[in-house]
Amino acid sequence: MAGDTHPDRARFAAMTEGTREDWAIIAAHFMPFAGRLADRVIAHLTLLDGDYGGFPVDRLQHSLQTATRAHRDGRDEDYVVMALLHDIGDTLCSYNHPDMAAAILKPFVSEELHWICAQHGVFQGYYFFHHLGLDRDMREHFRGHPHFEACAEFCERYDQAAFDPAYDTAPLSFFEPMLRRVTAAPKNSMYVKRTEAA
């Protein structure tokens, strides 16, 4: 067992030594921590502020504008939150940014919205890959997938159109309540299923 003990911490040094009491302590910490997910997501979104990367608007404004366009088009909250977070991975996942957003969203949105988020990078490439010597039709590898058209529509209507410095973009504070509601209700998590089964 670990040398130092604290009443609010598990006592094992390796999981093979863990007891039901240890895991009860850890479980008691989990829900408050998970409940602050929206705070951490908002903090990470703010890292996009002022990061232009050569684009006409910074990465935060692009994310906000994508979400604003989706909201004004009547999309539901899950869709709008997906639009808000779709590029959150730009800072840490420079070569695979859609994966980070998709991982954050997976417990909270439908399989379709998760797929749109995960694949939007290759679908967005239709609008610029040819300028970089890449194949703009890479998305055709997904032709026939049930969510192909939905992903193409997301990129056409909201993502590729969200670089307008003159657009009346809603602030992050407008989307915060939506983000909090969506991330408060996980639909697809092994931890949630285990909790509900108990």
_Distance check, rounded to the nearest 0.5 Å: Phe142 atom CZ versus Glu149 atom CD?_
14.0 Å
_My understanding is that a hydrophobic cluster links ILVMFWY residues whose side chain heavy atoms are under 4.5 Å apart, including indirect links. Using that, what else belongs to the cluster containing Phe163?_
Phe55, Val57
*Charged N to carboxylate O under 4.0 angstrom, Arg69 versus Asp159?*
no
_Is the shortest side-chain heavy-atom distance between Glu21 and Ile25 below 4.5 Å?_
no
*Counting only heavy atoms not in Arg9, do more than 12 sit closer than 6.0 Å to its CZ atom?*
no
*If you look only at pairs with a residue in residues 95-104, which of them pass as a side-chain hydrogen bond (donor to acceptor under 3.5 Å, both in side chains), with sequence neighbours excluded?*
Asp87-His97, Asn96-Asp99, His97-His120
*Establish, yes or no, whether a centroid distance under 6.0 Å links the rings of Phe154 and His86.*
yes
*State the CD-NE2 distance between Gln119 and His114, to the nearest 0.5 angstrom.*
9.0 Å
*What are the two closest non-hydrogen atoms of Met100 and Gly89, and how far apart are they?*
SD-CA, 3.5 Å
*Can you list the other members of the hydrophobic cluster that holds Tyr127, where links are side-chain heavy atoms under 4.5 angstrom apart?*
Tyr126
_Quick check against the 3.5 Å criterion: does Arg36 have a side-chain atom that pairs as donor or acceptor with the backbone of Pro32?_
yes
*asked:* Give me the atom names and distance for the closest heavy-atom approach of Glu17 to Asp22.
replied: O-OD2, 4.1 Å
*Can you name the salt bridge (Lys or Arg N to Asp or Glu O under 4.0 Å) partners of Arg136, sequence neighbours left out?*
none
_Please report the interatomic distance CG(Leu84) to CD(Gln65), rounded to the nearest 0.5 Å._
12.5 Å
*Tyr52 vs Gln61, side-chain contact (heavy atoms from CB on, under 4.5 Å): CA-CA, chis, key distance, verdict*: CA-CA 9 Å; Tyr52 285 83; Gln61 288 303 306; over 6 Å; no
*Residues that Ala101 engages under side-chain contact (heavy atoms from CB on, under 4.5 Å), provided they are two or more places apart*: Ile88, Cys117
*asked:* Within this structure, what is the CG-CE distance for the pair Asp76 and Met178, rounded to the nearest 0.5 Å?
replied: 10.5 Å
*What pair of heavy atoms forms the shortest contact from Tyr167 to Thr68, and how long is it?*
CE2-CG2, 3.8 Å
*Looking at CZ of Phe123 and SG of Cys155, how far apart are the two atoms once the value is rounded to the nearest 0.5 Å?*
7.5 Å
*Give a yes or no on whether the backbone of Ala162 and the side-chain of Thr66 come within a donor-acceptor separation of less than 3.5 Å.*
no
*Among the clusters formed by ILVMFWY side chains lying less than 4.5 Å apart, do Leu179 and Leu113 turn up in the same one?*
yes
*Kindly determine whether Val41 and Leu85 satisfy side-chain contact (heavy atoms from CB on, under 4.5 Å), including the steps that lead there.*
CA-CA 9 Å; Val41 170; Leu85 300 189; 3.5 Å; yes
Please report, to 0.1 Å, the donor-acceptor pairs under 3.5 Å made by any side chain of residues 43-50, with sequence neighbours excluded.
unit_1: His44; atom_1: NE2; unit_2: Thr91; atom_2: OG1; d: 2.8
unit_1: Thr46; atom_1: OG1; unit_2: Ala43; atom_2: O; d: 2.6

*Would you mind reporting whether Arg11 and Thr19 have side-chain heavy atoms less than 4.5 Å apart?*
no
*Indicate, with yes or no, if Val182 and Leu172 share a hydrophobic cluster defined by side-chain heavy-atom contacts under 4.5 Å among Ile, Leu, Val, Met, Phe, Trp and Tyr.*
yes
*Applying the 4.5 Å side-chain criterion to the ILVMFWY set and letting contacts propagate, would Ile104 and Met82 be lumped into a single cluster?*
yes
*Decide if the gap between the ring center of Trp23 and the ring center of Phe12 is smaller than 6.0 angstrom.*
yes
*Do the charged groups of Arg75 and Glu153 touch, with an N to O distance under 4.0 Å?*
yes
*For residues Ala152 and Arg139, report the shortest heavy-atom separation together with the two atoms involved.*
CB-NH1, 3.9 Å
*What is the minimum heavy-atom distance between Ser189 and Pro107, and which atoms define it?*
CB-CB, 4.5 Å
*Residue Glu140 excluded, over 12 heavy atoms near CD under 6.0 Å*: yes
*Is the side chain of Asp73 donor-acceptor paired with the backbone N or O of Ala70 at a distance under 3.5 Å, no angle test?*
no
*What distance separates Ile42 CD1 from Phe175 CZ, expressed to the nearest 0.5 Å?*
12.0 Å
*If the plane angle is over 60° it's perpendicular, under 30° parallel, otherwise tilted; pick one for Phe174 and His71.*
perpendicular
*For the hydrophobic clusters of this structure (ILVMFWY residues joined by side-chain heavy atoms under 4.5 Å, transitively), does one cluster hold both Leu60 and Val80?*
yes
*Cationic N near anionic O, under 4.0 Å, Glu176 to Arg181*: no
*Say whether Tyr158 and Val122 are linked into one hydrophobic cluster, either directly or through other cluster members, by side-chain heavy-atom distances under 4.5 angstrom.*
no
